[in-house]
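Hydrogens, waters and symmetry mates are skipped; everything else that's a heavy atom, side chains included, is used.
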Amino acid sequence: MSSQIAGVLQLLALIAALTLAYRPLGDYMARVYSSDKHYTPEKWIYRVIGADPAAEMRWPAYLRGVLAFSAVSVLLLYLMQRVQGSLPGSLGFSSIDPDQAFNTAASFVANTNWQSYYGEQAMGHVVQTGGLAVQNFLSAAVGMAVAVALVRGFARSRTGELGNFWADLVRGTVRILIPVSVVGAIVLVACGAIQNFSGIHQVGQFMGGTQEWNGGAVASQEAIKELGTNGGGYFNANSSHPFENPNPLSNLFEIFLILLIPFALTRTFGRMVGSLRQGYAILGAMAVIWIGFTALMMWTEFAHRGPAFEIAGGAMEGKETRFGIAGSSMFAVATTLTSTGAVNSFHSSYTGFGGGITMLGMQLGEIAPGGVGSGLYGMLIMAVIAVFIAGLMVGRTPEYLGKKIGTRQITFAACYLLITPALVLGFTAVALAMPTPGHSMTNSGAHGFSEILYAYTSGANNNGSAFAGLNADTQWFNTTIGIAMLLGRFLPMVFVLALAGSLAEQKPVPGTAGTLRTDKPLYAGLLVGTILIITGLTYFPALALGPLAEGLAS
């Protein structure tokens, strides 16, 4: 069997698994976020934090809850790293420097999980498990809560209430993320991932020196790392490390975990707004982009150019032989079209066009299917933009799910769209204009430019993957990427919740013969076109200086 056919079969198996899980998980999440019942462990949590889960919140109160909780999380994770040397289970590692501690705290709380350090050489068991892994759950739950608040904005009318942030946070963690992660960790252990709290072991001598391996609660952290679209690896090699991702079966399962909740949330959306067809339209747009990007990546990386590629069967540089080109390409697309950032291959070693595909996936806004929660609310923002454009073309007031998209709503949506490109392109331009950041580049020319563009694209879009080749462990990059991660995560949430509040206050508009049917394939095609055109107009000049120039020159 050829590598190409094996890759297609893997893709078909993945699609089949996602299809089987789509309906039960999507319906279950809709019940979780619509239920009035509170389980006993949840009541204990509410009592400890002093929250009333039955109290409804308008969007400013909901936003205050998001920001306050996240700010406290950043502070606590920062302090854990700064005092690591005094904590038990530190494995002898010293405390983390202030700039790197800030970067890491901002990264994990923002669901970015960008890492400018070697995990196995910097973090002990307490920080890894009690700090980083905990934030993998909580940051994912925050994203899901904001998405559900926006869905309630479409579903409700003549009220500004969007639910209760604390109830949404706790339910998402206790009822969804923890149970699925437990099952996922068991599967990964069965596949060969490690799960222990052992120390550092010397495993042999090589070229006159010794090699040391760490143990750790890897499988449990790996499960939520992928399920919560987090991406931070226990080891520096991330999901290419055999302790995290031992074989092709575990690799396919991890891709499944990455895509599971973001795709299933479209059914949750359809169920909560009372129209499953609306959810299918959003799902269709996501699936078209994901499958298209995956096919394009496979074609690019399998293309044989010269004797070396022909002997290897394609562009194998930077890829693990146990995964091959197909498994690596599928993982790369899944992780950059979501906000995961986990990697099982070296993105810097991809072909010029292949590296550009990973970058473009993030620049779309990571909405196909996107991050846990953030993918759905990002796609719904694009749906509002697409409806507005359609309204301009036919000369009538645009409507979406019975809600008018007026000046206020389109202003919120436009502000959402402008934040991330401004951060990516602004920080990239400043870094290239200053003398010091350029010293961190390993390569010159188009590839060196791509290293910096990718770093800020990854940070501001809360992805966390690295193009590699860039020494990001400097005060400049730790600080600026940390700022980009925080602004890229929480500023868009301001406009998402403001939009949700404005929609919830509206009275539904009955549909007429002239109303655009947003549950039809025609609208899904318009949505895909809108996404590609807006992204292309925004980022094409920067991409032309980096991956496109490199791809055309090779």
Side-chain angles (χ1 to χ4, degrees), residues 72-98 100-141 173 177-178 181-204 210-228 230-246 250 254 257 341-343 464 473:
V72 172
S73 297
V74 170
L75 178 61
L76 291 178
L77 187 53
Y78 175 84
L79 292 176
M80 285 186 70
Q81 296 174 81
R82 295 291 293 135
V83 301
Q84 175 180 246
S86 303
L87 295 176
S90 64
L91 301 180
F93 296 138
S94 60
S95 299
I96 307 300
D97 293 335
Q100 190 173 83
F102 163 72
N103 181 278
T104 304
S107 176
F108 277 77
V109 173
N111 198 242
T112 310
N113 299 69
W114 169 273
Q115 294 172 288
S116 60
Y117 59 89
Y118 299 96
E120 64 268 45
Q121 299 177 18
M123 304 292 183
H125 292 321
V126 173
V127 174
Q128 287 272 26
T129 305
L132 305 184
V134 168
Q135 284 305 317
N136 283 351
F137 284 96
L138 298 179
S139 63
T173 303
L177 295 174
I178 290 178
S181 294
V182 170
V183 175
I186 293 173
V187 173
L188 288 174
V189 169
C191 288
I194 68 170
Q195 180 76 10
N196 57 58
F197 285 101
S198 65
I200 300 174
H201 300 279
Q202 290 188 358
V203 295
T210 60
Q211 184 171 356
E212 296 179 338
W213 286 354
N214 290 20
V218 176
S220 57
Q221 186 162 329
E222 190 76 9
I224 186 57
K225 156 189 155 182
E226 312 295 13
L227 181 68
N230 295 285
Y234 207 99
F235 300 97
N236 181 54
N238 209 280
S239 290
S240 65
H241 198 292
F243 286 178
E244 293 193 23
N245 192 4
S250 67
E254 290 187 13
L257 287 179
V343 292
D473 187 15

E254 bridged to K225 by N-O distance under 4.0 Å: no

How long is the gap from [atom1] on [X] to [atom2] on [Y], to the nearest 0.5 Å?
X	Y	atom1	atom2	result
T173	I224	OG1	CD1	8.5 Å
I194	L188	CD1	CG	12.0 Å
N113	N230	CG	CG	4.5 Å
Q128	Y234	CD	OH	4.5 Å
Q84	I96	CD	CD1	5.0 Å

F108/Q115 under side chain to side chain contact (heavy atoms under 4.5 Å, CB included): CA gap, chis, key distance, verdict: CA-CA 9 Å; F108 277 77; Q115 294 172 288; 4.2 Å; yes

What I'd like to find out is whether the side chain of [X] reaches to under 4.5 Å of the side chain of [Y], using heavy atoms alone.
X	Y	answer
D473	Y117	no
S239	V343	no
N136	N111	no
L77	Q135	yes
T129	F197	yes
V109	S139	no
H125	L91	yes

Which heavy atom of [X] sits nearest a heavy atom of [Y], and at what distance?
X	Y	answer
A342	E226	CB-OE1, 3.6 Å
E244	A193	O-CB, 4.3 Å
F137	S181	CE2-OG, 3.6 Å
A185	A223	N-CB, 3.6 Å
A140	L177	CB-CD1, 3.9 Å

Pair V126-S90, side chain to side chain contact (heavy atoms under 4.5 Å, CB included): steps then yes or no: CA-CA 7 Å; V126 173; S90 64; over 6 Å; no

Trace of the side chain to side chain contact (heavy atoms under 4.5 Å, CB included) decision for M123 with T104: CA-CA 11 Å; M123 304 292 183; T104 304; 4.2 Å; yes

Is the backbone of [Y] close enough, under 3.5 Å, to the side chain of [X] for a donor and an acceptor to pair up by distance?
X	Y	answer
Q100	S116	yes
N238	G231	yes
R82	A101	no

Between F243 and F235, ring centroids under 6.0 Å: yes

From CA spacing to verdict: side chain to side chain contact (heavy atoms under 4.5 Å, CB included), S95, Q81: CA-CA 6 Å; S95 299; Q81 296 174 81; over 6 Å; no

Full working for side chain to side chain donor-acceptor pair (under 3.5 Å) between N245 and S250: CA-CA 6 Å; N245 192 4; S250 67; 2.6 Å; yes

